[in-house]
Amino acid sequence: MIKITLPDKSVKEFPKGVTGLEIARSISEGLARNVLSIEVNGETWDLDRPIHHDARVKLNTWDDSEGKATMWHSSAHLMAAAIEELYPGTKFGIGPDIENGFYYDIDLGEKTISSKDFEQIEQKMLEIARRKEVFVRTEVPKEEALAFYQDKGDEYKVDLISDLEDGTISFYKSGKFTDLCKGPHLIDTGPIKAVKLLNTAGAYWRGDESRKQLTRVYGISFPKQKMLREYLEMLEEAKKRDHRKIGRELELFTFSARVGQGLPLWLPKGAELRENLEKFLKQLQRKAGYQPVITPHIGNRNLYEISGHYEKYGEDSFRPIKTPSEGEEFFLKPMNCPHHCEIFKSRQYSYRELPIRFAEFGTVYRYEQSGELHGLTRVRGFTQDDAHIFCRPDQVKEEFTAVIDIVLHIFRALDFMDYSVQISLRDPDDMSRYIGTEANWEKAEKAIIEATAEKGLKADIVTGEAAFYGPKLDFMVKDALGRKWQLGTIQVDYNLPERFELEYIGSDNQKHRPVMIHRAPFGSMERFVAVLIEHCGGNFPLWLIPDQAIILPISEKYEEYAKKVLHLLKNYEIRTLLDERNEKTGKKIRDAETRKIPYMLIVGEKEEAGGTISVRKHGEGDLGTYSIDEFAQMIHREIDRMISAR
RNA sequence: GCCGAUGUAGCUCAGUUGGUCAGAGCAGCUGAUUUGUAAUCAGCUGGCCGGGGGUUCGAAUCCCUCCAUCGGCUCCA
């Protein structure tokens, strides 16, 4: 007998060799019907794999992410099986489960596959699923596995197996389809009741641009048809929050092919929104001891040779601008730091003056590959809410944590609580990608890790994601469709101060090298606004929104009174519009609701007589009658509540 | 940049196999209406069917090419 410990700490005895399915059945028939995989001492196993030793186990159902993963991984095999039947000769790459569903990378040779073919594949998948094909695990020696795929002519699998360690290699077979796979899988294809292929994409073999591009087919599956329907509805809902759609509807920004792709044009409402954000941060920065600086949009080639940007990005970036007679070369600035370094160099600093904090909403231009551009989140010209802190080595941690505080303050003010934090370190196996010494990198990475821990932030540590001059702490947020974007970033840099030979005079009257902290709490205004739009669905916080209120006169008769109210509210610094159109009140309300204006102020006979306004709140409805003063106080209180740190 | 898809009025979309196919709703303009918490009525304007080239007696529709957009891949200072 062996002892099996369940998640609730209860211990049950089973005969040696008991399987997950048998454990589930011993608990209840219902669980046995719904269980998808089992975790044995933290490792996910097939339900029919015998357990020979005492173990902690957890039974995974659809409600566990591990259960979904098992389902989706098996669904990837199911899709591959369907594709192999429909398109004989297809070669298969990899087919994992992902956060929402699964994909399989396939090579169809001369054939192509597109969304038109999806239905046929889905039908075939369901047909196979209904047969309840059992997933059979077999283990074979490496040579045998290689021979199998060499025979089949599938060079991708051969490539995969060649990289595996010698020994036995596991295969899973269900029906006619056999696949190299370490598992685990469902018992059989039965639980897969609903499938939907979502899209296709080109994907380089092993993520390497220089290798062949395979066709990646994305799909998702569910144990119930209803769940699929709900998932598709959810996707539709998410599309409604897409910043590109809302940006157009609310007239925030646009693009023009004539101006150039990836170059956003901010419309008046969008510009006002952005200015409100900038004002907010400028105020915060002034309090935190930042000094504004302003630098030009281009810089001499020499500047970027010193910073290392030229070597790193010169060839892949915009071409230089040349002066006609002197033959000088200038680049559109890709970053503000080199300019700020030169500002620091413009005079001598004492250790007593540090830290020096230079802040600039600096617009930068980067060549992004055309296929990478995406609304406001990935553009070729954007404005960073940039600042560079030049400090003494002993001030790094304190300055770093102070920046974290600013980022978190902003996130709170915008009710932006669903973010993740990532520490990006260098790739120790490929130091050629970076500038600077080992010792400097170690110091910088240590500073970030310690400061982050001190602030109690739970950060994922990712190697190989650092900037070329230093490690980063990034704040990431998901968009409406679940894609992750980097917003705020804080970077510790020992390298650029060396390259620019930055110095300050220490208490010992000697020259010392400062440390630089690069930081941008929003990241870029463009990307931040994009994510903000999707976060609030265009219903911006009251303090930020361009138009806070709109006056809706019942008829032309009350226009004079409406103008008086408008004047009063403007004196209260409430951003107010007046709808003077010759329309019925219902229409004006509908339009104001569509424009997502927070407050609608209806004025007619009653209001004019009493010197009041009828207040309707966006998305909520009639709030009743207020005096102008009362309303103004209410607005200001609401705003204060939002922007004061909670 | 690569793979795949898409491109018809400002916006959202119809347009059958190439042959009155240049359409609708909203928006806009002009009038009428003087309006009380999500759409008042009527009339009108508006499109080189993304650009260019080709096939054809004839192209929004088929082919090539360029541009832009969308979904991924790669990249992201």
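Chain identifiers are assigned alphabetically (A, B, ...) following the order of the sequence lines, protein sequences preceding nucleic acid strands; residue numbering begins at 1 within each chain. If you're wondering where the values come from, they're calculated on a predicted model, not measured in any experiment.
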Checklist entry - Counting side-chain heavy atoms from CB outward, which of B/C73, B/G36, B/U40 is closest to A/Thr585? => result B/G36
Checklist entry - So what does A/Lys312 touch, heavy atoms closer than 4.0 Å: a base, only the sugar-phosphate, or nothing? => result nothing
Checklist entry - Under the criterion side-chain contact (heavy atoms from CB on, under 4.5 Å), which of A/Thr489, A/Val403, A/Leu496 is the partner of A/His518? => result A/Leu496
Next on the checklist: Rounding to an integer number of Å, can you tell me how far A/Leu373 CG sits from B/G72 P?
Outcome noted: 14 Å
Checklist entry - Base, sugar-phosphate, or nothing: which does A/Arg616 touch, judged by heavy atoms less than 4.0 Å apart? => result base
Next on the checklist: Distance check, P atoms only: B/G23 and B/C3, in whole angstrom units.
Outcome noted: 39 Å
Checklist entry - For RNA chain B, which residues in residues 238-254 of chain A have a heavy atom at a distance below 4.0 Å? => result A/Arg244, A/Arg248
Checklist entry - When all nucleic acid strands are considered with a 4.0 Å heavy-atom cut-off, which category describes A/Ser614: base, sugar-phosphate, or nothing? => result base
Checklist entry - In whole Å, what is the span from the CD atom of A/Glu583 to the C1' atom of B/G31? => result 13 Å
Item to check | Integer-rounded Å distance: B/G36 C1' and A/Glu593 CD | outcome: 15 Å
Checklist entry - Going by distance alone, is a donor N or O of one side chain under 3.5 Å from an acceptor N or O of the other, for A/His388 and A/Asn336? => result no
Next on the checklist: Less than 4.0 angstrom between a side-chain N/O of A/Gln261 and OP1 or OP2 of B/A68, yes or no?
Outcome noted: yes
Next on the checklist: Applying ring pair (Phe, Tyr, Trp, His ring centres under 6.0 Å) to A/Tyr434 and A/Phe468, what does each step give before you reach the verdict?
Outcome noted: CA-CA 4 Å; A/Tyr434 311 98; A/Phe468 73 88; 8.7 Å; no
Checklist outcome for this item: A/His618 atom NE2 is separated from B/U37 atom C1', nearest whole Å, by 14 Å
Checklist entry - So, A/Thr612 and A/Ser627: side-chain donor and acceptor under 3.5 Å apart, yes or no? => result no
Next on the checklist: Would you measure the distance from the C1' atom in B/U69 across to the matching atom in B/U30 and give it in whole Å?
Outcome noted: 36 Å
Checklist entry - Between atom CD in A/Gln369 and atom C1' in B/G71, what is the gap in whole Å? => result 16 Å
Next on the checklist: Run A/Glu84 and A/Lys91 through salt bridge (charged side-chain N to carboxylate O under 4.0 Å, His left out) and show every step you take.
Outcome noted: CA-CA 8 Å; A/Glu84 188 167 58; A/Lys91 296 170 192 173; over 6 Å; no
Next on the checklist: Students often get this wrong, so: under 4.0 angstrom with heavy atoms, is A/Gln486 touching a base, only sugar-phosphate, or nothing?
Outcome noted: nothing
Checklist entry - Can you find an N or O donor on one side and an acceptor on the other, under 3.5 Å apart, linking the side chain of A/Arg258 with the base of B/A68? => result no
Checklist entry - What orientation do A/Tyr310 and A/Phe331 show, parallel under 30°, tilted 30 to 60°, or perpendicular over 60°? => result perpendicular
Checklist entry - Taking N and O atoms by type only, does the side chain of A/Glu607 place a donor or acceptor under 3.5 Å from a partner on the base of B/G36? => result yes
Checklist entry - Base, sugar-phosphate alone, or nothing: which one does A/Gly207 contact when heavy atoms must sit under 4.0 Å apart? => result sugar-phosphate
Checklist entry - In terms of side-chain heavy atoms, does A/Asn440 have a donor or acceptor partner in A/Glu498 at a distance below 3.5 Å? => result yes
Checklist entry - Hey, does the side-chain of A/Arg378 have a donor or acceptor N/O within less than 3.5 Å of a partner on the base of B/C75? => result yes
Next on the checklist: Does the plane of the ring in A/Tyr365 sit parallel, tilted or perpendicular to the ring in A/His297? Use 30° and 60° as the thresholds.
Outcome noted: tilted
Checklist outcome for this item: The nucleotide from B/G1, B/G72, B/A39 with an atom nearest the side chain of A/Arg590 is B/A39
Item to check | Nearest-Å distance once atom P is located in both B/U61 and B/A42 | outcome: 36 Å
Next on the checklist: Just the rounded figure in Å: distance from P of B/A27 to CG of A/Asp579.
Outcome noted: 13 Å
Item to check | Distance, C1' atom - from B/C44 to B/C48, rounded to whole angstrom | outcome: 23 Å
Checklist entry - Between A/Phe255 and A/Glu465, who's closer to the 5' end of RNA chain B by nearest nucleotide? => result A/Phe255
Item to check | B/U69 phosphate, OP1 or OP2, under 4.0 Å from A/His374 side-chain N/O | outcome: no
Checklist outcome for this item: Per atom distances to the A/Asn199 side chain, the nearest of B/G71, B/C75, B/A38 is B/G71
Checklist outcome for this item: Looking only at B/C76, B/A38, B/G1, the nucleotide nearest the A/Glu209 side chain is B/G1
Checklist entry - Closest to the A/Ser370 side chain: B/C73, B/A38, B/G1? => result B/G1
Next on the checklist: Testing the 3.5 Å rule here: is there a donor-acceptor pair between the side chains of A/Thr576 and A/Gln548?
Outcome noted: no
Next on the checklist: Under 4.0 Å, counting only non-hydrogen atoms across every strand here, what does A/Tyr103 touch: a base, just sugar-phosphate, or nothing?
Outcome noted: nothing
Checklist entry - Regarding A/Trp205 and A/Asp159, is there a side-chain donor-to-acceptor distance under 3.5 Å anywhere? => result yes
Checklist entry - Counting any heavy atom closer than 4.0 Å, what does A/Tyr218 reach on the DNA or RNA strands: base, sugar-phosphate only, or nothing? => result sugar-phosphate
Item to check | Parallel, tilted or perpendicular: ring planes of A/Phe528 versus A/Phe522, cut at 30 and 60 degrees | outcome: tilted
Checklist entry - Can you check the A/Asp479 CG to B/C70 P distance for me, whole Å? => result 12 Å
Next on the checklist: For the residue pair A/Arg366 and A/Tyr313, would you count it as a cation-pi contact if the rule is NZ or CZ under 6.0 angstrom from the ring centre and within 45 degrees of the ring axis?
Outcome noted: no
Checklist entry - How many Å lie between CH2 on A/Trp485 and P on B/C75, as a whole number? => result 15 Å
Checklist entry - With a non-hydrogen cut-off below 4.0 angstrom, is A/Asp622 in contact with a base, only sugar-phosphate, or nothing? => result base
Checklist entry - What nucleic acid atoms does A/Gly586 come within less than 4.0 Å of, heavy atoms only: base, sugar-phosphate, or nothing? => result sugar-phosphate
Checklist entry - Base, sugar-phosphate, or nothing: which does A/Ala203 touch, judged by heavy atoms less than 4.0 Å apart? => result sugar-phosphate
Next on the checklist: Mind checking if A/Arg483 touches a base, just sugar-phosphate, or nothing, with heavy atoms under 4.0 Å?
Outcome noted: sugar-phosphate
Checklist entry - With sugar-phosphate meaning primed atoms plus P, OP1 and OP2, does A/Lys606 contact a base, only sugar-phosphate, or nothing at under 4.0 Å between heavy atoms? => result base
Checklist entry - Pairs counted as Watson-Crick or G-U wobble with both distances under 3.5 Å: what dot-bracket string results for RNA chain B, using | for bases tied to another strand? => result (((((((..((((.....[...)))).(((((.......))))).....(((((..]....))))))))))))....
Next on the checklist: Roughly how many Å apart are B/U45 and B/U6, using the C1' atom of each and rounding to a whole number?
Outcome noted: 30 Å
Item to check | Closest listed nucleotide, where the reference is the side chain of A/Tyr367 and the choices are B/G1, B/G4, B/G71 | outcome: B/G1
Item to check | Closest nucleotide among B/G36, B/A68, B/A39 to the A/Lys587 side chain | outcome: B/A39
Next on the checklist: With rounding to the closest Å, how many angstrom separate the C1' atoms on B/C26 and B/A68?
Outcome noted: 25 Å
Next on the checklist: Both A/Glu605 and A/Tyr469 contact RNA chain B. Which one's nearest nucleotide lies toward the 5' end?
Outcome noted: A/Glu605
Item to check | Polar side-chain contact A/Tyr204-B/G1 base: donor and acceptor under 3.5 Å | outcome: yes
Next on the checklist: Could you go through A/Phe92 and A/Tyr104, starting from their C-alpha distance and side-chain angles, then the distance that decides it, and tell me whether this counts as ring pair (Phe, Tyr, Trp, His ring centres under 6.0 Å)?
Outcome noted: CA-CA 8 Å; A/Phe92 295 89; A/Tyr104 219 117; 5.4 Å; yes
